[in-house]
Q: 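Got a structure here, written out as structure tokens. Questions coming.
What's counted below: heavy atoms across the whole structure, side chains too, no hydrogens, waters or symmetry copies. This chain uses plain numbering: 1 for the first residue, then up along the sequence.
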Amino acid sequence: QVQLVESGEGSVQAGGSLRLSCTASGRTFSSGTMGWFRRAPGKEREFVAAIRWSGGATYYADSVKGRSTISRDVAKSTVNLQLNSLKPEDTAVYYCAARLSRGVSYSDSLYDYWGQGTQVTVSS
């Protein structure tokens, strides 16, 4: 079992920044992928960004590319998501997820463990 705990919930004005963090505990894994997804009100959960534990390759959704940075601290089992130039349409509950299998995935159905979610609200 892997437990994921997100932090960094907040409310900001458009143009502002937030840093979300996700700390993993329990079963350790050196391969696989950590991802961030989000669910906006009335919408389906969507991929935001992902990073491979091994090597640190990163992947971004077009909607956040250039405005966000995903990073990892392997020693602390933590993944961070820096969100910049936030827009009202970024308002959502953001979820951290862990995929134990090799290979990155943009599909939430292929992730094995999920955090409880953290709210990001961007006002205009």
Q: Return the minimal non-hydrogen interatomic distance between G8 and L20, and the atom names on each side.
A: O-CD2, 3.3 Å
Q: With clusters defined by side-chain heavy atoms of hydrophobic residues (ILVMFWY) lying less than 4.5 Å apart, directly or transitively, does V93 cluster with Y113?
A: no
Q: Measure the spacing between CZ of R72 and OG of S77 and express it to the nearest 0.5 Å.
A: 11.5 Å
Q: May I ask whether Y106 and Y95 are part of the same hydrophobic cluster, defined by side-chain heavy atoms of I, L, V, M, F, W, Y residues being less than 4.5 angstrom apart, directly or through others?
A: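 Shared cluster, yes.
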Q: Could you pull out all residues at least two apart from E89 that satisfy salt bridge (Lys or Arg N to Asp or Glu O under 4.0 Å)?
A: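 Applying salt bridge (Lys or Arg N to Asp or Glu O under 4.0 Å) to E89 gives none.
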Q: Going by heavy atoms in the side chains, are V79 and W53 under 4.5 Å from each other?
A: yes
Q: So, does Q116 use its side chain to make a donor-acceptor pair with the main chain of V5 at under 3.5 Å?
A: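 No.
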Q: Just do the side chain to side chain contact (heavy atoms under 4.5 Å, CB included) check on W36 and I51 with the steps written out, would you?
A: CA-CA 9 Å; W36 284 95; I51 187 167; over 6 Å; no
Q: For R67 and Y60, which I'm curious about, is there any donor-acceptor pair between the side chains at under 3.5 Å?
A: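 Side chains of R67 and Y60: no pair found under 3.5 Å.
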Q: Ignoring hydrogens, what is the shortest heavy-atom contact between R52 and G103? Give both atom names and the distance.
A: NH2-CA, 4.2 Å
Q: Return the CG to OG distance between L83 and S68, rounded to the nearest 0.5 Å.
A: 6.0 Å
Q: Assert yes or no for the condition that the ring centre distance of F37 to Y111 is strictly below 6.0 Å.
A: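 Yes, the ring centres sit under 6.0 Å apart.
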Q: R38 and side-chain contact (heavy atoms from CB on, under 4.5 Å): which partner among D90, V120, L81, T91?
A: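 Among D90, V120, L81, T91, the one that satisfies the side-chain contact (heavy atoms from CB on, under 4.5 Å) with R38 is D90.
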Q: What's the separation between atom OG1 in T69 and atom CG in N84, rounded to the nearest 0.5 Å?
A: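 Interatomic distance, T69 OG1 to N84 CG, rounded to 0.5 Å: 6.5 Å.
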Q: Without hydrogens or angle criteria, can the side chains of S107 and S105 be said to hold a donor-acceptor pair below 3.5 Å?
A: no
Q: Identify the two heavy atoms, one from C22 and one from M34, that lie closest to each other, and give their separation to 0.1 Å.
A: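 That closest heavy-atom pairing would be SG-CE, 4.0 Å.
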Q: Looking at every non-hydrogen atom in both residues, tell me the closest pair between S21 and N80 and how far apart they are.
A: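 Closest approach of S21 to N80: OG-OD1, 2.7 Å.
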Q: What's the spacing between I70 CD1 and Q82 CD if we round to 0.5 Å?
A: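 One finds 12.0 Å between CD1 of I70 and CD of Q82.
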Q: Taking all non-hydrogen atoms of both residues, which atom of Y59 and which atom of F47 are closest, and how far apart?
A: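 Smallest interatomic distance, heavy atoms only, reads O-CZ, 3.8 Å.
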Q: Taking only residues two or more places apart in sequence, or in another chain, which ones meet D108 in a salt bridge (Lys or Arg N to Asp or Glu O under 4.0 Å)?
A: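 For D108 the salt bridge (Lys or Arg N to Asp or Glu O under 4.0 Å) partners, ignoring immediate neighbours, are R45.
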Q: Would you compute the distance between atom OH of Y94 and atom CD of E9 and round it to the nearest 0.5 angstrom?
A: 12.5 Å
Q: Taking all atoms of both residues into account, what is the closest heavy-atom pair of T78 and K76, and its distance?
A: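 Between these two residues, the closest heavy atoms are OG1-O, 3.0 Å.
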